[in-house]
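This report refers to the structure that appears directly beneath it.
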Amino acid sequence: MRYKVTFVVGLALGYVLGTRAGRERYEQLKKSARGIAQNPAVRNAAESAGHTGREYAGKAFAAVSDKVGDAMPASVAGRVRGMRDRTGGGAEDEWGTSNT
């Protein structure tokens with residue numbers, strides 16, 4: 001999925017940079033992209049995907065830490081706990097989206 005999004009972004013960027021339609025077409029594309037990004041349905045889907053990803057990452061960490069046990073260095077375990085604590089609690093992240 002990540003590669004598809006990267007490809008589409010690259011394709012759009014190439015089109016914008018390579019088009020001969022000029023500034024007017026660029027502004028039109030920019031306005032469309034902004035409208036899509038600010039669409040509540042798109043924002044909700046992105047937020048839901050982020051929440052689901054964090055949930056699965058937490059489950060994966062629990063499964064791995066159960067199997068690895070004390071073999072995981074304390075520095076790594078501390079970093080992961082710090083990342084989990086930082087993203088928890090419903091605060092907004094650096095993208096301005098809620099972590100709830």
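Partners of Lys31 by salt bridge (charged side-chain N to carboxylate O under 4.0 Å, His left out), not counting sequence neighbours: none found. Taking the side chain to side chain contact (heavy atoms under 4.5 Å, CB included) definition, one finds that Val42 meets it with Ile36, Asn39, sequence neighbours left out. Taking the side-chain hydrogen bond (donor to acceptor under 3.5 Å, both in side chains) definition, one finds that Gln38 meets it with nothing, sequence neighbours left out. A search for side chain to side chain contact (heavy atoms under 4.5 Å, CB included) contacts involving Thr52 returns Ser48, Tyr56, not counting sequence neighbours. Partners of Asn44 by side chain to side chain contact (heavy atoms under 4.5 Å, CB included), not counting sequence neighbours: none found. In terms of the side chain to side chain contact (heavy atoms under 4.5 Å, CB included) criterion, residue partners of Val5 (sequence neighbours excluded) are, by chain and number, Met1, Val9.
Atoms CD and CD, from Glu24 and Glu27 in turn, are 9.5 Å apart once rounded to the nearest 0.5 Å. Note: Leu13 CG to Leu29 CG = 11.0 Å, rounded to the nearest 0.5 Å.
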